[in-house]
Every structure is written in structure tokens, then in C-alpha cells.
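Computed from a predicted structure; not experimentally measured. Just so we're on the same page: letters track the sequence lines, and every chain starts at 1.
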Amino acid sequence: MADAITPRSEDYSQWYHDVVRHARLADYSPVRGCMIVRPNGYALWENMQAGLDGMFKATGHRNAYFPIFIPQSFLAREAAHVEGFAKECAVVTHSRLKVGDDGTLDVDPESKLEENLIVRPTSETIVWDTYSKWIQSWRDLPILLNQWNNVVRWEMRTRLFLRTMEFLWQEGHTAHATRDEAMEETLRILDIYATFAEDWMAMPVIKGVKSAAERFAGADETFCIEALMQDGKALQSGTSHFLGQNFARAFNCQFQNRDNELEYVWATSWGVSTRLIGALVMVHSDDRGLVLPPKLAPTQAVIVPIYRSDEDRVAVLEAASVVESKLRASGIRVELDAREGFRPGWKFTEHEVQGVPVRLAIGPRDVANRTVELARRDGGEKQSVPVDGIVASVQEALDSVQFGLFEKALAHREANTTSVDSYDDLRGVLDDKGGFVRMHWDGTSETEARIKDETKATIRCIPLEGYEEDGVDPVSGRPSRGRVLYARAY
RNA sequence: CGGGGUGUAGCGCAGCCCGGUUAGCGCGCCUGCUUUGGGAGCAGGAGGUCGCGAGUUCGAAUCUCGCCACCCCGACCA
């Protein structure tokens, strides 16, 4: 742990990697492209799950579970969907191994499956096959389900949390009687994602619509939240899809409406993944390690006792555990780090690397003065606060860190969002400054593809707010209805 | 799949070009003592199929051939 974290200015992606490893969020696995989520990382995920799950439930959704294996033929049912996912599916072809005479292990050719199974890259197909059996009448609608699970997409290049072959996520799948209702649901979830990102993760996001090229395979419309990382690259942090009747048609899912007519069901699907952990790291952390927003931090406050003699030790631990009890009773996630054999300075650094928002140190001097030393992870000065008001002091510090992180990230995004009116300026800003670039777009895939090809930047989204403005696409010279957000992205 | 690189202790590396005692170093780990208000010091100790397989040689981590794995850069992507 003593080895240093590469500074952001030197090598941003190495820095990201160092922070993830030093904070013990994840490890590489023996299988290329997969990761082992360590307790620190998983605790973060559990807190994210808790926050999101509460919001899903509050809007009428229920959790369910669909199987990890999907018949290969299902994937082929929806044309755009198969096109989008066929190239990255893990396929199960056999059901057993055979131990040879020499002890070697091999696939038993006798066990070949009648039909291949694919490991789900997402579950639309199996969900809609199921919904087609559940839905007959308008009275069966809507269906509002979510599932927390893992999916596999056989990626070429991977990075811990940001892109792994297997990842954890939630996928919501809803079925509706009308187009409007499905669209309303799509946007409701988008709002939940944006609220979660901003209020819990302290990460400002732009809500928008994807261009046709960036749309989910099988969707009529993909909505997204886009965030800006510290290095000026964008990260798609959540998507909510209006699927129209595409999957209902593919799986023959019809219902009888109030007028006794058969209609295809309207669908949505939506998801956020452990990629959010990567976003959290890239938005807030610094050269000393992880920085976590208090609302998601597994440990919100850590107490480090400091002592020399045995008498001091007894008195300090006594005082520390009183503080611990008070904080815990008030609902703060607190940890008393009373481990022997680690010096205080070592503990300070360790908790700092792991992003604990507030650190309290208690030594003999504090015991004598009935005070505690309080230090904020986001860089504020250390201060001495009285034990008597410790709950209020810590709560205030936590609130202040949560707010401060959001404000800082927002200021960074504002400072790195640039409006341009020429292709040269777009290139210039992308190369020299990075960030989001607002520019007019004629709405064609040709223009978008040309820009992507020549600059590596993509249209991150057509923002839902502040988009409309008549103008001219500087690349094609054709008229434009508004400015879209260009950026290089993860 | 194309281009480049690396495989030696848990991690990071040296040694290889020019073959030759018992394969080293830093960090980490174990034991003991001293320490403890920002990653402690000293002493002792454990830990190795040198990626795998052939070959050359009296002798291979080192030379030759083959294979494998991983990393970086590109095309694909939540």
C-alpha cells in the first residue's frame, strides 16, 4: 500500500486504475476481462442498490428474476436486437466435461445441447417471451418489473468497472397498454436515474436522447444520462429505452383493449450498472485516492485513536467508543479503527485512500480537553470540535462534503462545456480542452459518422433541456434545429 | 483480428546481450524488542516448477525452435 498513486496529470487512466486497486474496490480475475469485486466495492454497490431500489419500489415496480440462460433462437427474433448483440455473446453448447484416462478434463462431445444457450447480454428476449404468456387483456397491464443480476458481453477491451465482460446491474422491463404510458415510464425512470446520480452520487448529469447511431439495439428511442469525468471525457451513466412495440411484435405479445381489439403491447427497458462505481471514482477522487460522497460511503466517519502509554490507551479508547456510540445512535455509519499494530499515520492514509468522508482522531490531548479532531476527506482544514456537539459537527461535515462534491463537479462541467459554431472550433476544443461541446447538428447519421470518424467524438446526446435553437450544421451546411452535445467518451 | 511489448517470490523489478558456485534487490509477509498527533526503526526469518515444452551444451533464467498467457495501441461497446 505504500506505493504511490500515479497523479492524474501524469496518466489519467493509470491513476484511475491505481485508485481502484489501492482503495481495494476490485481485482482482476483469472479470466481476462472479468473482475473480482472486493468488499469495499461491493459495499458501495449495495448502497447504490438500496438507493435505487427504494426509488423503483416507490414508483410501483417490483423485483423478479429471469434466468441467465436464453435459448439462442430467442435472440434472433428481433432484427435490430440480434444485430446489436450477436457479436458479443457467450454461448453454452455442452452440458458436461469428461475426465480422460490421463486425468485431463475435456468437453464431453456426447453432451452437446439440442439448442445452444446464450448467456444473457440483457434480458429483453426472455422477458418478452414470458410477457406474451402473461398478458391477454388490458387488465393485465401495466407490468412493472425490475431485476438485479449479472450479464455478460464479450468485450474486446476492458477496464475495471467501466467495461468488463461480466457486470452487475439492474434491468427494468415494463409493459404498457399505450404508447404515451410507455413513454411516460421511460422518462420517469430517466428522472430517477438523474436524481440518483445528482443527489446520491453528487454527480451532475445531462439528460438527453441518443442519436439513431447510439441507440439501444431494438429501441425506438434511447434516453440517457451523461456525465463528464475529470479528464474531460464523457461517460454514459444510465439508459432508459422506449422500445415501442418491437419486442411485442417479435414475441407476439398482444392484448385485448377496452374496445375488444387486439393490440401489441408497448414496452420500456432501463438499466444502470456497476459502471456507476467507475463514474464515482472518476468524478470525485483525487491524487491521494478515492473520494466518496457521504450518502454512498460504506463508512461515513472513522475514528482513529492515538495513544502511547497503556493509561492513555484506556482513556482514549473509552472516549472514542463514547463518540462511536453517539454517532451510531444518530444513524451515521461509523467505524472505530482500534486495530493494534498500525500507527495512526498509517491509518490516516489508509482511510484517506479508501475515501472515508470524515475522519475523527482522538488522542490524550483531546481526552483532556473533551474535544475531537475532525478532518474532511475533500480537503478542508482539520478542526478541533467539542465532544458534546460531535453528532451535529459530523452531520454538518457530511452534508457539507456531499454538497461540496456536487458543486465542484458541476463547476467542472460548466467550465468544460463549450459552444462552438465551426468544425475547426469543434476539433480545437476536443483536442485542447476536452469536455462537452455544444454544436448544431443537421440530424443525419452521415454527418455524425463523419465527425466520429475524423475526431473520435460522438454525439453523447440531444439534451432534453436547452436544445432548441435554429441554426446551421457547420459540417454539412444544412439547417439544424438545435445544439447537441459532442464529446469523446468512455 | 492487425501492430508493439512483457512473462524470474504475494506485488514491482534486476540478472539474459557475453551460459559457469547456493538466482538477487525493493515493498509486502512472519517473530521479537523499541515505537505510536500524517504511511516507524533495528534484529532475525519464511517464501522460487526463472510462463510451458523440446533442443544445443559437461553445464541453460541466460542460446535456438515451438507453444501459451497477459499487457498496451487500433476496429466493437453499458
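Judged by closest nucleotide on RNA chain B, A:Glu373 is the one of A:Gln236 and A:Glu373 placed further toward the 5' end. Heavy-atom nearest nucleotides on RNA chain B were determined for A:Ala361 and for A:Tyr490, and the one closer to the 5' end corresponds to A:Ala361.
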- Query: Pairs counted as Watson-Crick or G-U wobble with both distances under 3.5 Å: what dot-bracket string results for RNA chain B, using | for bases tied to another strand?
  - Reply: (((((((..((((......[...)))).((((((.....)))))).....(((((..]....))))))))))))....
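For A:Glu155, counting side-chain heavy atoms from C-beta on, the closest listed nucleotide (B:G37, B:A78, B:G38) is B:A78. The listed nucleotides are B:A78, B:G38, B:G37; the one nearest the side chain of A:Thr349 is B:G38. Across B:G38, B:U36, B:A78, the shortest atom-to-atom separation from the side chain of A:Phe348 is found for B:G38. Among the nucleotides B:U36, B:G38, B:A78, the one closest to the side chain of A:Arg359 is B:G38. Closest approach to the A:Trp346 side chain among B:U36, B:G39, B:A78 is made by B:G39 (side chain taken as heavy atoms from C-beta onward). The listed nucleotides are B:A75, B:G39, B:G38; the one nearest the side chain of A:Glu352 is B:G38.
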Collect all protein-nucleotide pairs involving nucleotides 30-35 of chain B in which both atoms are nitrogen or oxygen and the distance is under 3.5 Å.
residue, atom, partner, partner atom, Å
B:U35, O2, A:Arg343, NH1, 3.3

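Counting only residues at least two apart or on different chains, the side chain to side chain donor-acceptor pair (under 3.5 Å) pairs with a member in residues 33-51 of chain A are A:Asn40-A:Gln354.
Atom CD1 in A:Ile225 sits about 11 Å away from atom C1' in B:A78, given to the nearest Å. Summarising the geometry, the separation between CG on A:Asn150 and C1' on B:A78 is reported as 14 Å, rounded to the nearest angstrom. The CE atom of A:Met35 sits 18 Å away from the P atom of B:C70 (whole-angstrom rounding). In this structure, CE of A:Met156 is placed 14 Å from P of B:G74, rounded to the nearest angstrom.
Residues passing the side chain to side chain contact (heavy atoms under 4.5 Å, CB included) test with A:Ser29 are A:Val31, A:Cys34, A:Ile36, sequence neighbours excluded.
At least one side-chain nitrogen or oxygen of A:Lys456 sits closer than 4.0 Å to the OP1 or OP2 atom of B:A75.
Relative to the ring axis of A:Phe342, A:Arg339 places its NZ or CZ within 45° and under 6.0 Å from the centre.
RNA chain B is contacted by A:Arg275, A:Arg288 of residues 275-292 of chain A, taking any non-hydrogen atom closer than 4.0 Å.
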Identify all side-chain donor-acceptor contacts of residues 206-215 of chain A below 3.5 Å with residues at least two apart in sequence or on another chain.
residue, atom, partner, partner atom, Å
A:Lys207, NZ, A:Asp191, OD1, 2.6
A:Lys210, NZ, A:Glu226, OE2, 2.7
A:Lys210, NZ, A:Gln236, OE1, 3.0
A:Lys210, NZ, A:Arg460, O, 2.8
A:Ser211, OG, A:Glu448, OE1, 3.3
A:Ser211, OG, A:Glu448, OE2, 2.5
A:Arg215, NE, A:Asp220, O, 3.2

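At a cut-off of 3.5 angstrom, counting only N and O atoms as typed in the model, there is no donor on one side facing an acceptor on the other between the side-chain of A:Lys382 and the base of B:G37.
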